[in-house]
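Residue numbers start from 1 in every chain, and the chains themselves are labelled A, B, ... in the order their sequence lines are given, proteins ahead of strands.
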There are 2 protein chains.
Amino acid sequence: MSHTLGIRQAQKQKTRQALMDSALQLLEHQSLSSLGLREVTRAVGVAPAAFYRHFTDTADLGVALVEQALGSLHDTIRAAIVTTGASEERIHRAVALIAAQVRTHPAHVRFIARERHGGVAPVREAIGVQLRRFADEVAEALGADPQSTGWTSADLRMLAGVYVDHMVMTASALLEGDESDEESILTTARAQLRLVTLGRRHWLD
Amino acid sequence: MSHTLGIRQAQKQKTRQALMDSALQLLEHQSLSSLGLREVTRAVGVAPAAFYRHFTDTADLGVALVEQALGSLHDTIRAAIVTTGASEERIHRAVALIAAQVRTHPAHVRFIARERHGGVAPVREAIGVQLRRFADEVAEALGADPQSTGWTSADLRMLAGVYVDHMVMTASALLEGDESDEESILTTARAQLRLVTLGRRHWLD
DNA sequence: CCACTCAGTAAACAGCTGTTTGCTGAAGTT
DNA sequence: AACTTCAGCAAACAGCTGTTTACTGAGTGG
């Protein structure tokens, strides 16, 4: 199925990835709307004109970064959804997954949190589309749970939105605080999930 | 107490406010980290060097904008807190207040949502401080409610965090969608608040 | 009235920006 | 072996950036 691509295309993809990696690094201390094309090529070590062989814009680069960053998040979310057991266990596991994602891909997480409401419209929209897709997946998984009998699909979607937003907020809070804050942030996140779980349990009263 | 300030200081404050207003307008389509000092002075119609009479940096301008934007929000929040009545009424009033704030000060709201996780550290921190202050106020008000007897102050703070985050997210969602989405966004926001209210009611079980 | 303060000015500085151009040479094709 | 493709290059373009300088002239207070 996967045809080994030629030396040429392989090199091109390597450069493309290098551009994206350098951009992600530069975005740790600024936002996409101020990221210069020359700045990126300089960091990679290629000529400015080479940029145009891969992207039309820094906004275009940003959209590509969204796919990459949310691709890795997607696996995490799928894992969090499949999880089974008592709600307290599930909460612990979900929060641990978030913490792990922040630890292993901090730049990706920062990028998403920052550009979600950022100044570059196409990137903002790309993130919005993907997060909505995540929420839909979560809603579907929630619907499969026996605890959700009697729920309307709109209410399931509403609940899923709470979970997704909470995930992003918690991840962002972990990035903002230093390591000494981690424990209390995670404790708060778990308490908030517990609160939502309680609300969920009594939704149909 | 309030000495009428001279013509001179009045003019200075007027220019300063003009700089802030123009900046806020320019920030509708970009983020602070890409906002140029010349860009702002050009929009106001003053010389670039005049900028330094008021701010050292665009970051400095940003911090000033935080105070202004969250000042107006502060009144809204105070109003939302004081509200009384059945929880369903309170939810409707709180959501209506958010919608009103977004309608009357869209640029301020957008600025806060955008720069909350933005690329300019001092501004990010200023927003963080103010939102934490809001959350503390909310927590205090919640503590005064008879429904909160038996709650630890940490749990009250946790709940207040949910409310504040939810407010910002809802406001941002209203900005992102067009007017035709408003009704469904508000409906979802109310449902989410209902969910939290239920969780709150059963917290001590 | 006169000395002083100081918000805003105009001009110049080096250094940066995105984009276009024609080129080079390795990789791919026949 | 001859021919085509095309990723990356060096150079040049106009236009922008933040910052400093010495200045002007209206507002202020004794």
Side-chain angles (χ1 to χ4, degrees), chain A residues 2-27 29-65 115 118-123, chain B residues 2-27 29-65 115 118-123:
Chain A
S2 70
H3 196 304
T4 357
L5 37 234
I7 299 180
R8 206 140 190 217
Q9 296 212 10
Q11 257 300 338
K12 181 170 185 180
Q13 279 215 348
K14 205 175 139 191
T15 304
R16 182 186 157 98
Q17 192 55 48
L19 287 168
M20 290 171 68
D21 290 348
S22 287
L24 207 57
Q25 208 170 311
L26 290 165
L27 286 171
H29 301 291
Q30 62 185 313
S31 30
L32 184 64
S33 87
S34 70
L35 183 70
L37 150 180
R38 286 186 109 108
E39 197 179 350
V40 178
T41 57
R42 194 187 310 126
V44 174
V46 298
F51 185 91
Y52 295 102
R53 301 283 182 207
H54 302 276
F55 307 102
T56 68
D57 249 351
T58 47
D60 191 26
L61 202 186
V63 171
L65 278 177
E115 301 303 329
V120 183
V123 170
Chain B
S2 72
H3 197 302
T4 357
L5 47 227
I7 299 180
R8 209 152 192 201
Q9 296 212 12
Q11 257 300 338
K12 182 170 186 182
Q13 278 214 349
K14 203 174 142 193
T15 304
R16 182 186 157 98
Q17 192 56 47
L19 287 168
M20 290 173 67
D21 289 348
S22 288
L24 207 58
Q25 207 170 312
L26 290 164
L27 285 172
H29 301 292
Q30 60 186 313
S31 27
L32 184 65
S33 87
S34 71
L35 183 71
L37 150 178
R38 284 185 109 106
E39 198 179 346
V40 178
T41 56
R42 195 186 311 125
V44 173
V46 298
F51 186 89
Y52 295 102
R53 300 280 182 211
H54 302 276
F55 308 102
T56 69
D57 250 351
T58 47
D60 190 28
L61 202 184
V63 171
L65 279 176
E115 301 303 330
V120 182
V123 171

Report summary line: The correct set of residues in residues 54-65 of chain B placing a heavy atom under 4.0 Å from DNA chain C is B:His54
**Report entry** For DNA chain C, the residues among residues 14-25 of chain B that have a non-hydrogen atom under 4.0 Å from it
**Finding:** B:Thr15
Requested in this report: Starting at the 5' end of DNA chain D, write a dot or bracket for each base, bracketing those in Watson-Crick or G-U wobble pairs whose two distances are under 3.5 Å and using | for partners on another strand.
Outcome: ||||||||||||.||||.||||||||||||
Using atom [atom1] of [X] as one end and atom [atom2] of [N] as the other, report the distance to the nearest whole Å.
X: A:Glu39; N: C:dG18; atom1: CD; atom2: P; answer: 8 Å
X: B:Gln30; N: C:dT17; atom1: CD; atom2: C1'; answer: 15 Å
X: B:Arg42; N: D:dC16; atom1: CZ; atom2: P; answer: 7 Å
X: B:Gln13; N: C:dA7; atom1: CD; atom2: C1'; answer: 13 Å
X: B:Leu37; N: C:dG8; atom1: CG; atom2: C1'; answer: 14 Å
X: B:Tyr52; N: C:dA10; atom1: OH; atom2: C1'; answer: 15 Å
X: B:Gln11; N: D:dT28; atom1: CD; atom2: P; answer: 11 Å

Query raised in the report: After noting the C-alpha distance and the side-chain angles of A:Arg8 and A:Lys12, does the key distance pass the side-chain contact (heavy atoms from CB on, under 4.5 Å) rule?
Result: CA-CA 6 Å; A:Arg8 206 140 190 217; A:Lys12 181 170 185 180; over 6 Å; no
Query raised in the report: Do any N or O atoms from the side chain of B:Ser33 and from the backbone of A:Gln30 form a donor-acceptor pair under 3.5 angstrom?
Result: no
Query raised in the report: Does B:Glu115 use its side chain to pair, donor to acceptor, with the backbone of B:Val123 at less than 3.5 Å?
Result: no
Return the polar atom pairs (N/O with N/O) between nucleotides 9-11 of chain D and the protein under 3.5 Å, or none.
unit_1, atom_1, unit_2, atom_2, d
D:dC9, OP2, A:Ala47, N, 2.6

Requested in this report: Tell me what B:Phe51 touches on the nucleic acid: a base, only sugar-phosphate, or nothing, going by heavy atoms under 4.0 Å.
Outcome: nothing
Closest contact, heavy atoms only, [X] versus [Y]:
X: A:Leu61; Y: A:Phe51; result: CD1-CE1, 3.8 Å
X: B:Gly36; Y: B:Thr58; result: C-CG2, 4.2 Å
X: A:Leu37; Y: A:Pro48; result: CD2-O, 4.1 Å
X: B:Leu19; Y: B:His54; result: CD1-CD2, 3.8 Å
X: A:Asp60; Y: A:Phe55; result: OD2-CA, 3.4 Å
X: A:Ala43; Y: A:Leu26; result: CB-CD1, 4.3 Å

Query raised in the report: Could you write nucleotides 24-30 of chain C as a row of B, S and -, 5' to 3', where a protein heavy atom under 4.0 Å of any base atom gives B, of only sugar-phosphate atoms gives S, and otherwise -?
Result: --BBS--
Query raised in the report: Yes or no on side-chain contact (heavy atoms from CB on, under 4.5 Å) for A:Asp21 and A:Leu24, after CA distance, side-chain angles and deciding distance?
Result: CA-CA 5 Å; A:Asp21 290 348; A:Leu24 207 57; 5.6 Å; no
**Report entry** Reference residue B:Ser22; test side-chain contact (heavy atoms from CB on, under 4.5 Å); the match among B:Val44, B:Val46, B:Leu27, B:Thr41
**Finding:** B:Val44
Report task. With sequence neighbours left out, write down each residue that passes side chain to side chain contact (heavy atoms under 4.5 Å, CB included) with B:Gln25, or none if nothing qualifies. Result -> none
